[in-house]
Participant: 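Got a structure for you, written out below as structure tokens; questions coming shortly.
Any value given below was found using the heavy atoms of this structure, including those in side chains, with hydrogens, waters and symmetry copies removed. Whatever order the structure lists ligands and atoms in, that order sets their numbers, starting from 1.
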Amino acid sequence: MQYAEITGWGKCLPPAILTNEDIAKHVDTSDEWITSRTGIKERRISHVGTAELAALAAKRAIAAAGIDPTEIELVALATSTPDMLVPNSASKVQNLIGAKNAAAVDMNSACTGFLYALQSATAQVRMGAVKKAVVIGAERMSWFVNWSQRESAVLFGDGAGAVVIEATDKPLGLLNAKLGCDSEARDILQVQGFGTEIDRYDNPAAALNIQFIGKEIFKRAVRGMGQGANTVMEQANIKASDINLLVPHQANLRIIAALQKQFELSDEQVMVNIHNYGNTSAATVAIALCEAVENGRIKPGDNIMTAAFGAGLTWGAGYIKWGDRITPVNTCDDSLPASDKSALELLSNAMTYCLNKA
Ligand code: UT7
């Protein structure tokens with residue numbers, strides 16, 4: 001029997017920090033509201049496209065795994081903010097990281113995307129189709145944000161996280177997953193104004209519009225993540241008390257707290273970094289997983305539960321058995337191209353446009 005061990009991890013957070021106070025200078029909101037309702041204190045704003053964020057996270061994961069990029073046979077990129085429609089962003093990542101022997105695919109399941117991509121890549125390794133893959137969650141969510149919609153504008157940030165998975169005969173890596181889609185609610189979280197649904201000749205300059213019914217998403221998120229995790233625990237024959245670390249999607253601290261309560265987990269058993277990065281959609285779980293290893297929160301042999309939800313409404317949970325590696329084999333010294341712009345400077349056109357149109 002083949003399994004797919006996680007042998008490398010990496011993340012890329014762009015340097016420009018947007019605090020709640022920064023947003024409150026332009027939008028009718030406050031640090032108090034954002035912190036108490038979401039747990040978010042600040043988020044990152046990227047000066048580069050999604051593929052560059054993804055590529056740096058992938059390079060760092062590949063260095064941590066101590067392998068050569070040419071050994072990678074699959075680049076699976078979860079994103080809903082690709083650089084362009086065609087070609088896919090995974091092909092740019094493949095090029096930037098020098099994984100010239102790899103297939104390259106973008107997957108869009110919104111915030112659940114990394115888990116969907118990890119499950120799919122793991123299945124390919126387990127069936128023997130590929131031996132080594134890099135799985136990335138990367139987003140430039142700031143590109144979507146409508147600054148006149150305060151309920152969603154304060155939530156999102158940019159970033160990327162990646163893991164390398166490698167074939168092994170030991171029962172390690174993503175051992176069980178349950179993925180689903182609550183499609184009757186697909187209209188409660190949408191980015192409208194782009195795609196074959198619209199007549200682009202009738203409406204050539206259609207502006208993107210975010211449809212977002214936060215309260216309804218919140219309820220369905222708690223339900224979907226909880227049900228997913230319960231199913232996975234049944235499949236894996238483990239109990240909540242066997243979980244060493246829950247690595248949930250970082251959308252709202254109150255959603256994470258509801259899961260923590262449901263499974264009676266201590267604070268030490270739950271990975272939370274939403275205060276620093278906000279909701280980076282498909283990247284949250286990958287960044288949180290990476291940061292958990294970096295911060296010594298994962299030990300050899302740990303049982304890790306991950307759970308996520310996103311537009312679709314896609315949802316899912318996965319049980320990961322960690323292997324022996326908790327320190328990187330190598331490190332990668334590459335960095336993003338330098339930028340001297342503050343987050344507010346990077347967003348100035350977007351904010352002016354959205355707030356003037358409102
Ligand atoms: O990962 C997938 C995407 N993530 C999500 O969809 C997140 C899921 N939803 C949520 O996290 C929460 O529903 C939100 C954080 C979005 C909103 O929290 P809430 O507790 O559900 O607030 P609400 O929508 O019920 O709004 C409560 C009040 C309203 O004012 P009134 O009607 O009580 O006077 C809103 O107008 O808070 C107001 N409000 C704000 N006030 C200051 C909404 N957004 C803001 C804001 N700043 N940014």
Participant: Charged N to carboxylate O under 4.0 angstrom, Glu184 versus Arg220?
Facilitator: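 A salt bridge links Glu184 with Arg220.
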
Participant: Would Phe212 and Trp315 show up in the same hydrophobic cluster when neighbours are defined by side-chain heavy atoms closer than 4.5 Å?
Facilitator: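 In one cluster with Phe212: Trp315, yes.
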
Participant: Can you give me every donor-acceptor pair (side chain of residues 125-137, partner residue at least two apart or in another chain, under 3.5 Å) with its distance?
Facilitator:
| from | atom 1 | to | atom 2 | distance (Å) |
| --- | --- | --- | --- | --- |
| Arg126 | NE | Gln2 | O | 3.1 |
| Lys132 | NZ | Glu71 | OE1 | 2.4 |

Participant: For side chain to side chain donor-acceptor pair (under 3.5 Å), just list the numbers for Glu139 and Thr81, CA-CA rounded to whole Å, side-chain angles, deciding distance to a tenth of an Å, and then say yes or no.
Facilitator: CA-CA 6 Å; Glu139 303 277 14; Thr81 49; 2.7 Å; yes

Participant: Could you name the protein residues that come within less than 4.0 Å of ligand 1, counting only heavy atoms, and order them by chain and residue number?
Facilitator: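 Contacts of ligand 1 under 4.0 Å: Asp28, Thr29, Trp33, Arg37, Thr38, Cys111, Arg150, Glu151, Val154, Leu189, Phe212, Gly214, Lys215, Ile217, Phe218, His249, Ala251, Asn252, Arg254, Asn279, Phe309.
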
Participant: Enumerate donor-acceptor pairs with a distance under 3.5 Å from any side-chain N or O in residues 227-243 to protein atoms, sequence neighbours excluded.
Facilitator:
| from | atom 1 | to | atom 2 | distance (Å) |
| --- | --- | --- | --- | --- |
| Asn230 | ND2 | Gly226 | O | 3.4 |
| Thr231 | OG1 | Gln227 | O | 2.9 |
| Asp242 | OD2 | Lys239 | N | 2.8 |

Participant: Identify all side-chain donor-acceptor contacts of residues 323-336 below 3.5 Å with residues at least two apart in sequence or on another chain.
Facilitator:
| from | atom 1 | to | atom 2 | distance (Å) |
| --- | --- | --- | --- | --- |
| Arg325 | NH1 | Thr7 | O | 2.8 |
| Arg325 | NH1 | Ala65 | O | 3.4 |
| Asp334 | OD2 | Lys59 | NZ | 3.0 |

